[in-house]
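First comes the structure, then the notes that go with it.
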Amino acid sequence: MTSELEREVARRRTFAIISHPDAGKTTLTEKLLLYGGAIHLAGSVKARRARRHATSDWMELEKERGISVTSSVLQFEYRNHAVNLLDTPGHQDFSEDTYRTLSAADSAVMLIDAAKGVEPQTKKLFQVCRMRAIPIFTFVNKLDRYGRAPLDLMDELEQVLGIRAYPMNWPIGMGPEFRGVYDRGARVVHVFSSGGTHGEAEVGERSLPLDGPEISEVLTPAELAQLREDVELLDVGGDAFSREKSDRGQITPMFFGSAMTNFGVRPFLDVFLDLAPLPAPRDTDKGPQPPTADRFSGFVFKIQANMDPAHRDRIAFVRVVSGRYVKGMNAHHVRLGKSVRLANPSQFMAAERTAIEEAWPGDVIGLFDPGLYRIGDTLVEGEPFRFDGVPRFSPEHFAVVRSKDPLRRKQVEKGLEQLSEEGTIQIFQQLQMGMRDPIVGVVGALQFEVLQYRIEHEYGAAIALDRLPYAHARWVTGEQFDPKTFDWEGNRQTVQDRDGLPLVLFRDDWALQHAQEKHPELKFLAEAPQLQQGKQASAERAAGGTP
Ligand code: G4P
């Protein structure tokens with residue numbers, strides 16, 4: 001007999017959408033919620049439009065969005081699945097958070113604009129998913145407009161991302177002639193009829209077997225001939241679908257549709273939920289932890305400051321890995337070596353925050369954080385272990401931070417420390433004599449504005465940021481590494497992260513490549529090497545943190 005825990009694990013799907021701004025992520029998210037019955041759309045589409053006009057002022061942005069966009073973990077029910085959609089901040093607030101969210105997801109949906117194909121931000125996010133080897137599903141959007149030919153797009157995925165696509169369905173027509181999609185597995189055609197210009201309601205749909213007599217009632221002879229030709233080409237010329245390769249992220253199941261008009265949203269959701277993986281076991285220093293293990297465990301993957309700057313408390317987002325979470329329970333905070341009460345959890349249902357009583361593997365809980373948590377922290381019931389850390393990613397923009405008022409230096413330091421714990425910025429120490437001011441590194445340049453704004457408003461200190469000409473940071477490992485090798489030289493500089501690990505900052509691809517060629521004995525890593533437990537404690541002591 002299956003236990004409640006096993007049943008809850010089996011019905012959970014936790015995923016994130018990765019895309020370049022404007023591909024339609026917000027629209028698709030709304031439509032998934034519409035089909036999940038979680039929202040009524042009329043108002044929310046409008047709210048989104050208003051929001052789009054204010055993308056640079058971070059605080060304003062937060063106010064307008066409430067908590068729903070940057071921190072959102074949306075949960076909805078669909079066909080007896082409990083679906084958790086983790087939102088990855090895109091647009092200008094693209095940051096390390098975007099990457100880190102992927103560490104909490106079991107699969108990703110890569111959203112592509114049919115007219116634009118693979119764009120830069122999609123490529124970066126794809127690479128992060130690839131590193132984790134999670135299944136990646138592709139949704140080609142905006143078929144209601146003329147875009148690139150589907151075969152071209154398949155080819156582009158292979159050329160640019162190095163992944164073969166397997167079309168699970170195939171579009172019938174494009175632009176104003178986009179009529180529906182053909183489901184290759186079921187050999188069924190879904191023909192849609194519009195439910196409104198922005199798809200405020202679920203779309204009308206008729207599903208007919210391709211080989212049945214009624215098909216000619218819904219498709220014109222020309223549409224039917226084209227579809228049959230396409231289907232034959234795919235069936236004869238393409239690979240067979242391999243579930244195993246899809247599970248390992250080696251091929252990407254591909255779908256076509258239009259989030260705006262809802263065409264193809266339901267067929268996508270149905271097949272996606274069948275193929276998407278359940279919550280996976282996670283590696284720890286004591287071996288893998290399966291989701292069905294009885295005791296509760298989870299890790300912090302994101303920390304968000306309170307919306308109200310007068311309060312310094314934050315919300316720590318915890319991905320539940322195993323067992324059952326019950327409101328107010330105690331768990332072992334492994335890094336601090338003490339038991340903590342998991343207080344004020346909340347779950348994020350559409351735009352509302354509601355207190356939750358329990359949560360299961362794959363779910364995300366938001367804990368009240370008075371400064372207890374750091375990204376990567378493990379919480380576990382009973383005998384402690386540590387989950388492999390949440391990776392820190394290499395920033396791409398750098399600046400030296402100076403306090404404008406020397407008397408407020410302490411406040412600046414405190415602010416920097418807290419923002420680095422939240423993961424908004426990374427702090428590096430310069431190693432050269434006389435260079436005392438820290439360097440901050442960020443993944444998206446908007447984080448500099450956020451940093452300046454928040455240090456000023458929350459810590460009452462004005463700072464100056466002197467931008468540095470570096471574009472890459474690499475953690476360096478290797479027996480023979482001597483930080484002096486890469487002393488400041490104009491196009492590179494050695495620094496130290498907060499765990500005392502050395503990195504070199506490089507001006508451009510050329511400087512990085514040059515160093516790699518000259519020093520084959522060293523490894524230059526874009527992701528921070530994982531600290532061993534003992535090493536982490538001593539590095540933290542060395543860095544002046546809590547052991
Ligand atoms: P994002 O979150 O990925 O940045 O994209 P978002 O959903 O905000 O969509 C970006 C633009 O693309 C919006 O247009 C949106 O309506 C449009 N869009 C999304 N999906 C589709 C689709 O399937 N077909 C077509 N034709 N357009 C789509 P906008 O003009 O910027 O805003 P709005 O006035 O339409 O809200």
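Counting starts at 1 for both ligands and their atoms, in listed order. Remember, it's a predicted structure, so these values are computed and weren't measured experimentally.
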Which ligand 1 atoms does [X] reach within 4.0 Å, using its non-hydrogen atoms?
| X | answer |
| --- | --- |
| Pro21 | 4 (O) |
| Asp22 | 1 (P), 3 (O), 4 (O), 5 (O), 10 (C), 12 (O) |
| Thr26 | 1 (P), 2 (O), 7 (O), 8 (O) |
| Arg145 | 26 (N), 27 (N) |
| Lys25 | 1 (P), 2 (O), 3 (O), 5 (O), 7 (O) |

Output side-chain donor-acceptor pairs under 3.5 Å for residues 149-156, partner residues at least two apart or in another chain, one line each.
{"unit_1": "Glu156", "atom_1": "OE1", "unit_2": "Arg148", "atom_2": "NH1", "d": "3.4"}
{"unit_1": "Glu156", "atom_1": "OE1", "unit_2": "Arg148", "atom_2": "NH2", "d": "2.2"}
{"unit_1": "Glu156", "atom_1": "OE2", "unit_2": "Val118", "atom_2": "N", "d": "2.6"}

Presence of salt bridge, Glu30 and Lys25, under 4.0 angstrom:
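No salt bridge links Lys25 with Glu30.
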Given the side-chain rings of Phe256 and Trp170, with only the six-membered ring counted for Trp, is the space between their centroids under 6.0 Å?
yes
Asp106 and salt bridge (charged side-chain N to carboxylate O under 4.0 Å, His left out): which partner among Arg319, Arg12, Arg13?
Arg319
Examine Thr261 against ligand 1 and note whether any of their N/O atoms are separated by less than 3.5 Å.
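Thr261 vs ligand 1: no N/O contact under 3.5 Å.
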With the side chain counted from C-beta on, respond yes when Leu451 and Leu416 share a heavy-atom pair under 4.5 Å apart, and no when they do not.
yes
Tell me, please, whether Phe263 has Arg179 positioned over its six-membered ring: NZ or CZ under 6.0 Å from the ring centre and within 45 degrees of its axis?
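Here Arg179 fails the 6.0 Å and 45° test against Phe263.
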Counting heavy atoms only, which of Gln121, Lys142, His20, Glu30 is nearest atom 17 (C) of ligand 1?
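When every heavy atom of Gln121, Lys142, His20, Glu30 is considered, Lys142 comes closest to atom 17 (C) of ligand 1.
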